[in-house]
Amino acid sequence: MSKIILPTLESERLILRPLTIDDLEAVFKWTGDPRVNKYMIYPLYKNVEEGKAWLETLYEDEKKLDYGFVLKSTGELIGSGGLYYHDDIDVWSVGYNLAYDYWHNGYTPEAISRIIEYAKSKYDVHVIAGTFAVDNNGSRRVMEKLGMSFYEDTEYTKLDGSETFKAKTFHKVF
């Protein structure tokens, strides 16, 4: 299968670009950090190499818009995220991770807003949705800043089955 080539995007403070295998070390800064991983669906990465399989499977579906978040000021990769289309329900879901040292600076809503803008220019986007653990106030704030509001109470379980969280799904209809 050939890889999808996403365009590089820019926001005020960020360059949003596709991730590559060369980003393995930087990705481990958040995938291997228990503070960042606490509410994530994936298990905590214990070493850099655990991210390799994930990076190698990116860009196989044109409606999975995964981007690395790079600070314009330093060139440092500080997080990743994007939108993922669910054709069975005609909804784009929001997902993101940010290295702990960069939390509370507005980078995630800035990046995701730009990715939404791109998706809307390329696809017929009707609804975006995101689910977060009820105790994850940071993700709640990101979704509120994206103009999303409460849709339903739910829950989710980490991919390795280690933990289940009571959660909320927020959405925005266009």
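What you are looking at is a predicted structure, and each value in this text was computed from that prediction instead of being measured.
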4.5 Å side-chain heavy-atom contact, Thr31 and Asn97: no

Inter- and intrachain pairs under side-chain hydrogen bond (donor to acceptor under 3.5 Å, both in side chains), touching residues 157-174, at least two apart: Asn37-Lys158, Thr131-Thr169, Asp153-Lys168, Thr157-Thr164, Asp160-Ser162

Plane angle bin for Phe132 and Phe170 - parallel if under 30°, tilted between 30 and 60°, otherwise perpendicular: perpendicular

Side-chain cluster (under 4.5 Å, hydrophobic types only) that Ile89 belongs to, other residues: Val91, Val127, Val173

Residues Asp61, Lys63: salt bridge by 4.0 Å N-O rule: no

Sub-4.5 Å side-chain heavy-atom contact between Ile116 and Tyr118: no

Remaining members of the apolar cluster that contains Ile5, side-chain heavy atoms under 4.5 Å: none

Residue pair Phe165, Tyr39: steps toward the side chain to side chain contact (heavy atoms under 4.5 Å, CB included) verdict: CA-CA 8 Å; Phe165 300 98; Tyr39 299 114; 3.6 Å; yes

Heavy-atom neighbours of Lys38 NZ exceed 12 at 6.0 Å: no

Pair Lys3 + Glu60, salt bridge at N-O below 4.0 Å: yes

Main-chain N/O of Tyr107 paired to Asn105 side chain as donor or acceptor, under 3.5 Å: no

Give every donor-acceptor pair under 3.5 Å between a side-chain atom in residues 74-84 and any protein atom, sequence neighbours left out.
unit_1: Thr74; atom_1: OG1; unit_2: Glu76; atom_2: N; d: 3.2
unit_1: Glu76; atom_1: OE1; unit_2: Tyr102; atom_2: OH; d: 2.6
unit_1: Glu76; atom_1: OE2; unit_2: Lys29; atom_2: NZ; d: 3.3
unit_1: Glu76; atom_1: OE2; unit_2: Tyr102; atom_2: OH; d: 3.4
unit_1: Tyr84; atom_1: OH; unit_2: Asp66; atom_2: OD1; d: 2.8
unit_1: Tyr84; atom_1: OH; unit_2: Gly82; atom_2: N; d: 3.4

Basic-acidic side-chain contact under 4.0 Å: Asp23, Arg17: yes

Listed partners of Phe28 passing ring-ring contact (aromatic ring centres under 6.0 Å, His included), at least two apart: none

Tyr123 and Trp92 aromatic ring geometry - parallel, tilted or perpendicular at 30°/60° bounds: tilted

Side chain to side chain contact (heavy atoms under 4.5 Å, CB included) assessment of Ser139 paired with Tyr96: CA-CA 9 Å; Ser139 273; Tyr96 44 82; 3.1 Å; yes

Non-hydrogen side-chain atoms of Val70 and Leu16 separated by less than 4.5 Å: no

Results of ring-ring contact (aromatic ring centres under 6.0 Å, His included) for Tyr45 - residues two or more places apart only: Tyr42

Ionic contact status for Glu110 with Lys145, cut-off 4.0 Å: no

Salt-bridge criterion met for Glu117 and Lys120 (N-O under 4.0 Å): no

